[in-house]
Amino acid sequence: VSKIFSAGLDITEMSGKSNEHYAAFWRAVQEMWLKLYGSNMVTIAAINGSSPAGGCLMALCCDYRIMADNPKFAIGLNETQLGIVAPFWFKDTMINTIGNRATELSLQLGQMYPAPEALKFGLVDKLVPEDKVQSAAAAAMSQWLSVPDHARQLTKSMMRKPAIDRLVKQREADINNFVSFISKDSIQKSLQIYMDRLKQKK
Ligand SMILES: CCCCC/C=C\CCCC/C=C/C(=O)SCCNC(=O)CCNC(=O)[C@H](O)C(C)(C)COP(=O)(O)OP(=O)(O)OC[C@H]1O[C@@H](n2cnc3c(N)ncnc32)[C@H](O)[C@@H]1OP(=O)(O)O
């Protein structure tokens, strides 16, 4: 979709559903992260628009991020703005990209960074004009693919394995945490208010 890289997780999947539904949904989200963050392939994010929360997470899972140079497009883990909390593995992915202090600021404030600020923060690696995002991503891909694969893969795994192992070990507990958190009346109310606000802004 033009102007949106990803709107993040589908909020309708996290509201007004059964606990079984929430558990299956969260397992699928975990699976997406484990596959993408743990992939031994080269992954380049061509960020052609806004990228809140789960959308930012997907971009952060990639090896390199190229974003359209338009201050109207913003990226960040904005969960607190919805009244929800970025899980520890979202937090770990961000720390591994921009460091501890910048992550703490970002997460507590639920900050969305317009493209130029995202570059300053190290949340993205490069800005290019909107119509050059795909070609810049293809050029970056060629550069990354020119590195001997086994050496690049082992290096990637060395950097990411501790975060991945942490989720793998705590997977069921993380699902239980998510279900008990998201099914709380107060959290459901926050999500409803956020969705109503999204619709009103039209
Ligand atoms: C301590 C223990 C912790 C345990 C864990 C607990 C909690 C788990 C945390 C879960 C992590 C969550 C991650 C997420 O990704 S949450 C989703 C975050 N996403 C957003 O905040 C995006 C909100 N949307 C926007 O900002 C904008 O819609 C936009 C993506 C920038 C696009 O803007 P625009 O082009 O102006 O379109 P509209 O705003 O008009 O939206 C079009 C319709 O799409 C609906 N919409 C938008 N985003 C979502 C979404 N994420 N999910 C579901 N639906 C969405 C929007 O309401 C409009 O619908 P309508 O046409 O029916 O009115």
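- Contact annotation: the side chain of Q134 never approaches that of N48 to less than 4.5 Å [non-hydrogen atoms, C-beta and beyond].
- Counting heavy atoms from C-beta on, the side chains of W89 and L34 never come closer than 4.5 Å.
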Audit row: M58, M32, side-chain contact (heavy atoms from CB on, under 4.5 Å) steps and yes/no: CA-CA 9 Å; M58 274 202 296; M32 181 276 293; 3.8 Å; yes
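- With rounding to the nearest 0.5 angstrom, the CG atom of L60 is 10.5 Å from the CG atom of L36.
- For the atom pair CH2 (W144) and OG1 (T43), the distance works out to 8.0 Å, reported to the nearest 0.5 Å.
- Ring planes of F178 and W26: parallel class, angle under 30° (limits at 30 and 60°).
- Cluster annotation: L191 is connected to V85 through the hydrophobic network of ILVMFWY side chains, with a link wherever side-chain heavy atoms come within less than 4.5 Å.
- Between the side chain of S50 and the backbone N or O of A74, at least one donor-acceptor pair lies under 3.5 Å.
- What you find for P116 and P71 is that their closest heavy atoms are CD-CA, 4.0 Å.
- Ion pairing between a basic and an acidic side chain is recognised when a charged N comes within 4.0 Å of a carboxylate O; R27 and E31 show no such pairing.
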side-chain contact (heavy atoms from CB on, under 4.5 Å) evaluation trace for F5 with I75: CA-CA 9 Å; F5 173 68; I75 181 166; over 6 Å; no
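- Nearest approach of G99 to T103, heavy atoms of both residues: O-OG1, 2.6 Å.
- Side-chain atoms of Y37 and N96 include a donor-acceptor pair closer than 3.5 Å.
- The side chain to side chain contact (heavy atoms under 4.5 Å, CB included) test applied to N19 returns Y22, V179, S183, not counting sequence neighbours.
- Here the side chain of D63 pairs no donor or acceptor atom with the backbone of I44 at under 3.5 angstrom.
- Every side chain to side chain contact (heavy atoms under 4.5 Å, CB included) that D165 has, sequence neighbours left out, goes to K161.
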Show which side-chain atoms of residues 105-114 pair as donor or acceptor with protein atoms under 3.5 Å away, not counting sequence neighbours.
from, atom 1, to, atom 2, distance (Å)
S106, OG, A102, O, 3.1
S106, OG, Y113, OH, 2.7
Q108, NE2, E104, OE2, 2.9

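- In this structure, the side chains of I84 and I187 come closer than 4.5 Å at one or more pairs of heavy atoms.
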Trace of the side-chain contact (heavy atoms from CB on, under 4.5 Å) decision for E79 with F90: CA-CA 10 Å; E79 279 81 353; F90 284 44; 3.3 Å; yes
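- Of the possible donor and acceptor atoms, one in the side chain of R152 sits under 3.5 Å from a partner among the backbone N and O of N40.
- By the criterion of side-chain heavy atoms lying less than 4.5 angstrom apart, applied directly or through intervening Ile, Leu, Val, Met, Phe, Trp or Tyr residues, L77 is grouped together with I98 in one hydrophobic cluster.
- When side chains are defined from C-beta on, Y64 does not count as touching Q143, because their heavy atoms never get closer than 4.5 Å.
- A single hydrophobic cluster is seen to contain both L9 and I11, as judged by linkage of ILVMFWY side chains at heavy-atom distances under 4.5 Å, directly or through other members.
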Worked check of side-chain contact (heavy atoms from CB on, under 4.5 Å) between M141 and V42: CA-CA 7 Å; M141 181 60 88; V42 175; 3.5 Å; yes
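- Smallest separation of non-hydrogen atoms from D69 and P129: CB-N, 4.4 Å.
- Shortest non-hydrogen contact noted between D10 and T12 is OD1-OG1, 2.6 Å.
- Counting heavy-atom neighbours within 6.0 Å of K126 NZ, excluding the residue itself, gives a total of 12 or less.
- Counting all heavy atoms, side chain and backbone alike, G55 lies closest to S6 at CA-OG, 3.4 Å.
- A donor-acceptor pair under 3.5 Å is formed between the side chain of Q188 and the backbone N or O of M14.
- Using a 4.5 Å heavy-atom cutoff, the side chains of I164 and W33 are in contact.
- Rounding to the nearest 0.5 Å places CD of Q200 at 10.5 Å from CD1 of I193.
- The pair K199-D196 fails the salt-bridge criterion, with no side-chain N (NZ, NE, NH1 or NH2) lying under 4.0 Å from an Asp/Glu carboxylate O.
- For T155 (side chain) and A151 (main-chain N/O), a donor-acceptor pair under 3.5 Å exists by modelled atom type.
- Under the 4.5 Å side-chain criterion, counting only non-hydrogen atoms from C-beta, Q170 is in contact with F88.
- Of the charged side-chain nitrogens involved, none lies within less than 4.0 Å of a carboxylate oxygen, so that D174 and R166 do not count as a salt-bridged pair.
- Both L145 and I66 sit in one connected hydrophobic cluster of ILVMFWY residues. Membership requires side-chain heavy atoms under 4.5 Å apart, directly or through other members.
- For A115, the side chain to side chain contact (heavy atoms under 4.5 Å, CB included) partners are M67, L127, not counting sequence neighbours.
- In this structure a side-chain-to-backbone donor-acceptor pair under 3.5 Å is present from Q30 to R171.
- Heavy-atom neighbours of M159 CE from other residues, nucleotides or ligands within 6.0 Å: at or below the threshold of 12.
- Listed by chain and number, the hydrophobic cluster partners of M41 come to none, as no ILVMFWY side chain reaches under 4.5 Å of it.
- Side chain of K156 to backbone of S39: a donor-acceptor contact under 3.5 angstrom is found.
- Heavy-atom minimum distance, R160 versus C62: NH2-O, 3.2 Å.
- Remark: A28 pairs with no residue by the side chain to side chain contact (heavy atoms under 4.5 Å, CB included) rule, at least two apart or across chains.
- Test E20, E13, K17 against F25 for side chain to side chain contact (heavy atoms under 4.5 Å, CB included) and you get one pass: E13.
- Follow the hydrophobic side-chain contacts under 4.5 Å out from L57 and you reach F181 in the same cluster.
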